[in-house]
Amino acid sequence: MQTASTNIGERMGRSQELSDSKRGPVIGGHLGNKSIRDISWLLNIPRSTVSGIITKWKPLGTTATQPPSGRPRHMTGRGQRMLKRTVRRSRQLSAESTTKDLQTWCGLQMSPTTVRRELHGMGFHGRAAASKPSITKCNAKRRMPWCKARCHWTLER
């Protein structure tokens, strides 16, 4: 039976971020003129992690996790699932009516533009299907030389 390893370097894949209590000794070692390799070996932390902590600490002066950049998304995952369900039920609805439905059912206040943008991200596009002429025996025989679009028509499907 395998035991859970406490060594960050031994785990495969992406690990969780280090706590502030583990980042402090990294900065302490850096201020004590230790090399990145020595700090990594002493604390049993990967060199890339030590280097990343030091490079973030130099301009900011703190090792605390910074808030993410950018504006937060208006729709949550739950709202997106609700929107997808609504559109799948009736694909013919306009963005305005879909917005009104979302506002009445789940209280999401947003504009039709936001709804269109979210639907576009999900793969729903406001396009009509292309009309395809039915190829009958009469149409297939009619291969007019000036109409290049029909030159490749055949009776086989």
Side-chain angles (χ1 to χ4, degrees), residues 1-135 148-149 152 156-157:
M1 183 175 151
Q2 292 181 340
T3 59
S5 175
T6 57
N7 181 0
I8 292 174
E10 289 178 6
R11 282 188 267 156
M12 293 295 289
R14 188 174 178 136
S15 62
Q16 294 179 350
E17 74 176 57
L18 289 176
S19 63
D20 286 335
S21 61
K22 290 188 179 182
R23 289 186 204 157
V26 172
I27 301 303
H30 177 69
L31 292 174
N33 292 329
K34 296 274 187 191
S35 69
I36 292 175
R37 188 176 61 178
D38 290 342
I39 297 170
S40 170
W41 184 78
L42 286 170
L43 300 175
N44 206 10
I45 298 174
R47 279 184 292 183
S48 59
T49 305
V50 173
S51 175
I53 291 170
I54 293 170
T55 53
K56 285 181 184 173
W57 172 79
K58 281 182 181 178
L60 298 174
T62 180
T63 59
T65 304
Q66 300 298 310
S69 63
R71 183 179 174 131
R73 293 185 62 93
H74 187 72
M75 276 191 107
T76 60
R78 181 174 179 229
Q80 286 178 337
R81 289 191 302 273
M82 188 83 106
L83 177 63
K84 190 181 256 187
R85 223 175 297 128
T86 305
V87 172
R88 279 192 178 156
R89 267 191 225 126
S90 54
R91 293 208 175 193
Q92 301 285 325
L93 290 178
S94 65
E96 288 80 9
S97 59
T98 306
T99 305
K100 287 178 187 172
D101 289 346
L102 284 175
Q103 287 174 355
T104 55
W105 290 340
C106 56
L108 288 174
Q109 297 293 324
M110 66 185 68
S111 70
T113 309
T114 307
V115 170
R116 277 189 213 100
R117 193 178 302 126
E118 291 291 334
L119 288 172
H120 186 79
M122 290 180 206
F124 294 101
H125 305 284
R127 299 187 189 123
S131 61
K132 297 171 183 74
S134 59
I135 303 173
K148 292 183 182 177
H152 64 278
E156 298 93 35
R157 291 189 182 218

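Position 1 is the first residue of the sequence, and the numbers go up from there. As the structure is a computational prediction, the values presented were derived from the model and not from experiment.
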**Message:** As an exercise, state the distance from CG of L18 to CG of L43, rounded to the nearest 0.5 Å.
**Reply:** 9.5 Å

**I54 and K58: CA distance, side-chain angles, deciding distance, side-chain contact (heavy atoms from CB on, under 4.5 Å) verdict** = CA-CA 6 Å; I54 293 170; K58 281 182 181 178; 3.8 Å; yes

**Prompt:** Within a strict 4.5 Å, meaning less than it, do heavy atoms of the R88 and F124 side chains meet?
**Reply:** yes

**Message:** With a 3.5 Å distance limit and no angle check, can you tell me whether S97 reaches the backbone of L93 through a side-chain donor-acceptor pair?
**Reply:** no

**Heavy-atom donor-acceptor pair, S90 side chain to Q92 backbone, under 3.5 Å** = no

**Asked** What are the two closest non-hydrogen atoms of A64 and Q66, and how far apart are they?
**Response** O-NE2, 3.2 Å

**Message:** Can you tell me if H120 has over 12 outside heavy atoms packed within less than 6.0 Å of its NE2?
**Reply:** no

**Prompt:** Is the shortest heavy-atom distance from the side chain of R116 to the side chain of H125 under 4.5 Å?
**Reply:** no

**Request:** Calculate, to the nearest 0.5 Å, the distance between atoms CD1 and CD1 belonging to I39 and I45 respectively.
**Result:** 9.5 Å

**Request:** Say whether S51 and S48, considering side chains only, have a donor N or O and an acceptor N or O under 3.5 Å apart.
**Result:** no

**Prompt:** Minimum heavy-atom separation for S40 to P46, with atom names?
**Reply:** OG-C, 3.7 Å

**Asked** Is there a donor-acceptor pair under 3.5 Å between the side chain of T98 and the backbone N or O of S94?
**Response** yes

**Asked** Quick one: are K84 and R89 in side-chain contact, heavy atoms under 4.5 Å?
**Response** no

**I36 versus R47, closest heavy-atom pair with distance** = CG2-O, 3.8 Å

**Prompt:** Going from CD on Q80 to CZ on R85, what distance comes out if it is rounded to the nearest 0.5 angstrom?
**Reply:** 12.0 Å

**Prompt:** So, S35 and D38: side-chain donor and acceptor under 3.5 Å apart, yes or no?
**Reply:** yes

**Fill in**
OG1 of T99 to CD of Q109, rounded to nearest 0.5 Å, is 10.0 Å

**Shortest non-hydrogen contact from D20 toward T63** = OD1-O, 3.7 Å

**Complete:** Of all heavy-atom pairs linking L83 and L102, the shortest is CD1-CD1, 3.5 Å

**Request:** Any chance you could measure E118, atom CD, to M75, atom CE, to the nearest 0.5 Å?
**Result:** 5.5 Å

**Item:** Interatomic distance, I27 atom CD1 to K56 atom NZ [nearest 0.5 angstrom]
**Value:** 11.5 Å

**Asked** Above 12 or not: heavy atoms from other molecules or residues under 6.0 Å from CH2 of W105?
**Response** yes

